[in-house]
Amino acid sequence: MFKKVDDSIRMHQEDEDYTNPPEEFIGLSDFTSCGSDQLSFRAGDRLLVHTKTSADWWWAELGGLCGYVPSSYLKQDVEDSYLKQGVEEDTSEETSEDPWQDEEYFGSYGTLRLQLEMLSDRARTETYRQVILTNSAPLRGKVVMDLGCGTGVISLFCARLAQPKAVYAVEASSIAEHTETLVRQNGCEEVVTVFQGRAEELELPGTVDILISEWMGNCLLFEFMVESVLQARDRWLREGGMMWPSGASLCLVPCQALDYYTERMGFWEQPYGLDFTALQSLAQSEFFSRPRFSHLLQPEDCLATPCDVITLDMLTLHVTDLEKLRGQFTFIVEKAGTFHGFTSWFRVQFQSLERDKTTLELDTGPYSEPTHWKQTLFMLDGPISLLGGETVSGIILLHRNPVWRRHMTVTIQWRISSTEETGNCMVQTKSFPMWR
Ligand SMILES: N=C(N)NCC[C@H]1O[C@@H](n2cnc3c(N)ncnc32)[C@H](O)[C@@H]1O
């Protein structure tokens, strides 16, 4: 909860534009402050927003306290604002927004562009093929659900490389209309049945022995398709059945990102001999306030040994666990360099159907063959020079958006302490909306 006013905050209040009276907003969900200048509130609280400092963070007041609040957690007080503007209250628009954005989401997956990107990802697709191939014997006679099958490639692997009793290929986007044809053209129609629709809404012929899905998004969870997988597990996976992937880990490392920093920030130093540094604060807000997807981290830019910060067991994970996931880290900086930010990626494991057989893994990190996800970069506001030997420790919070259910905010809190550090070192924190 925000308590003291330090210089930046005081400067901010002096900037207050008093010609614009504060607007009243209502909290859509609880928000717990992740930094000393943020303001916690509960769903239903009525906050006064004084300044919309940026698209994502607003300066607000509640009960005499002020602080930054995430704009995506607030809803205009329709009664109040419409009355002020004398606008006829029309909630139809407000309620028509689908929090899952399914039309846009499944619309994009109905295009070959995304399906091609996933199929062209050799490391991804070959891993799933190897999982089927190495488990072909125990797959005999089993019933498999392939959730989000897309073109059906995993289902076809099952039918062609093993002898399952049945494969239920479930796909909500319009690509499913073509999947039926692909199943027939590859002679798998006896085994593979395509079900077009959202997995949550479908009736399957019965329970399944294995639930296989390629559900992972950037930073592991973006899109939150994992919720659909867990719902399907709870409804269709038989007791003792197998989840593929069986486990998932989110990995993190402090890193250099000099090329990206130079390209987006350094550029303004002297373009064409001119001084454009006045644009650098805007550049920081525009380029560094959100994660950068598809960042290709070079191994030599890792400043420490990466670590798993969040680990999920797909058999025991609950949908409610997805609201807030927390991990912690302690990195020992292994070489001198510039700390530009943190990079994250994920690994997923496929436990063998046969006891004590090898667990296969898909690692999307910088030390493995690149995948279409690449990695996700979280840039600090400003680079920090490190000598080597320092400790970078802290926590990472994945806070699912209570309104936009495929989105989340990643908050990283860290402190840098060096061996000769005396007294308390500063704890830094930064929140990155992904994307709302
Ligand atoms: N990040 C990913 N791996 N995305 C793959 C998503 C694939 O699964 C499909 N899909 C996602 N959620 C669902 C669902 N609840 N039901 C059926 N298909 C789904 C989607 O249309 C696409 O073909």
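Computed from heavy atoms alone, side chains included, the values below leave out hydrogens, waters and symmetry copies. Both counts, for ligands and for their atoms, begin at 1 and track the order of listing. Position 1 is the first residue of the sequence, and the numbers go up from there.
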Going by the 4.0 angstrom heavy-atom rule, the piece of Trp215 near ligand 1 is backbone
Salt-bridge contact Lys52-Glu23 (side-chain N to carboxylate O under 4.0 Å):
yes
Relative to ligand 1, is Met225 under 4.0 angstrom through side chain, backbone, both or neither, heavy atoms considered?
side chain
For Ser213, is there any backbone N or O sitting under 3.5 Å from a side-chain donor or acceptor partner on Tyr128?
yes
Does Arg235 pair with Glu203 as a salt bridge, N-O distance under 4.0 Å?
yes
Give the atoms of ligand 1, by number and element, whose distance to some non-hydrogen atom of Glu200 is under 4.0 Å.
15 (N)
A cation-pi test, strictly: NZ or CZ of Arg406 under 6.0 Å from the centre of the six-membered ring of Phe106 and no more than 45 degrees from its axis. Yes or no?
yes
Which ligand 1 atoms does Phe106 reach within 4.0 Å, using its non-hydrogen atoms?
10 (N), 11 (C), 12 (N), 13 (C), 19 (C), 21 (O)
If you have a sec, work out which protein heavy atom is nearest atom 18 (N) of ligand 1 and how many Å separate them, to one decimal?
Ala172 N, 3.2 Å
Proximity to ligand 1 by part of Ser228, non-hydrogen separation under 4.0 Å
side chain
Give the minimum heavy-atom separation between Met145 and Ala199, together with the two atoms involved.
CE-CB, 4.2 Å
Can you tell me if Tyr105 contacts ligand 1 (heavy atom of the residue under 4.0 Å from the ligand)?
yes
Let's go through Glu390 and Arg415 carefully: what are the C-alpha distance in whole Å and the side-chain angles of both, what is the deciding distance for salt bridge (charged side-chain N to carboxylate O under 4.0 Å, His left out) to 0.1 Å, and is it a yes or a no?
CA-CA 10 Å; Glu390 295 89 342; Arg415 72 172 64 223; over 6 Å; no
Can you tell me which portion of Met216 lies within the under-4.0 Å heavy-atom range of ligand 1? Options are side chain, backbone, both, or neither.
backbone
Starting from atom 9 (C) of ligand 1, what is the nearest protein heavy atom, named by residue and atom, and what distance separates them?
Glu171 OE1, 3.4 Å
Residues Ala283 and Trp268: closest non-hydrogen pair is CB-NE1, 3.5 Å
Element-labelled atoms of ligand 1 that are located less than 4.0 Å from some non-hydrogen atom of Gly197
16 (N), 17 (C)
Is there a heavy atom in Gly110 that sits closer than 4.0 Å to ligand 1?
no
The atoms of ligand 1 lying under 4.0 Å from a heavy atom of Ala199, numbered in the order shown, are 14 (C), 15 (N), 16 (N), 17 (C)
Regarding Asp102 and Arg198, does a basic nitrogen lie under 4.0 Å from an acidic carboxylate oxygen?
yes
Could you identify the single nearest non-hydrogen protein atom to atom 4 (N) of ligand 1 and state the distance to 0.1 Å?
Tyr109 OH, 3.1 Å
Is the closest heavy atom of Gln115 to ligand 1 under 4.0 Å?
yes
Nearest protein heavy atom to atom 8 (O) of ligand 1, by residue and atom, and its distance?
Gly148 CA, 3.1 Å
Taken to the nearest 0.5 Å, the spacing of Tyr73 OH from Leu47 CG works out to 13.5 Å
Glu223 heavy atoms within 4.0 Å reach ligand 1 at atoms 1 (N), 2 (C), 4 (N)
Which of the atoms in ligand 1, numbered in the order shown and given with their element, are less than 4.0 Å from a heavy-atom of Glu214?
2 (C), 3 (N), 5 (C)
Sub-6.0 Å ring centroid separation between Trp236 and Tyr168:
no
Out of the candidates Asp146, Ile212, Thr125, only one should pair with Phe157 under the side chain to side chain contact (heavy atoms under 4.5 Å, CB included) rule; please name it.
Thr125
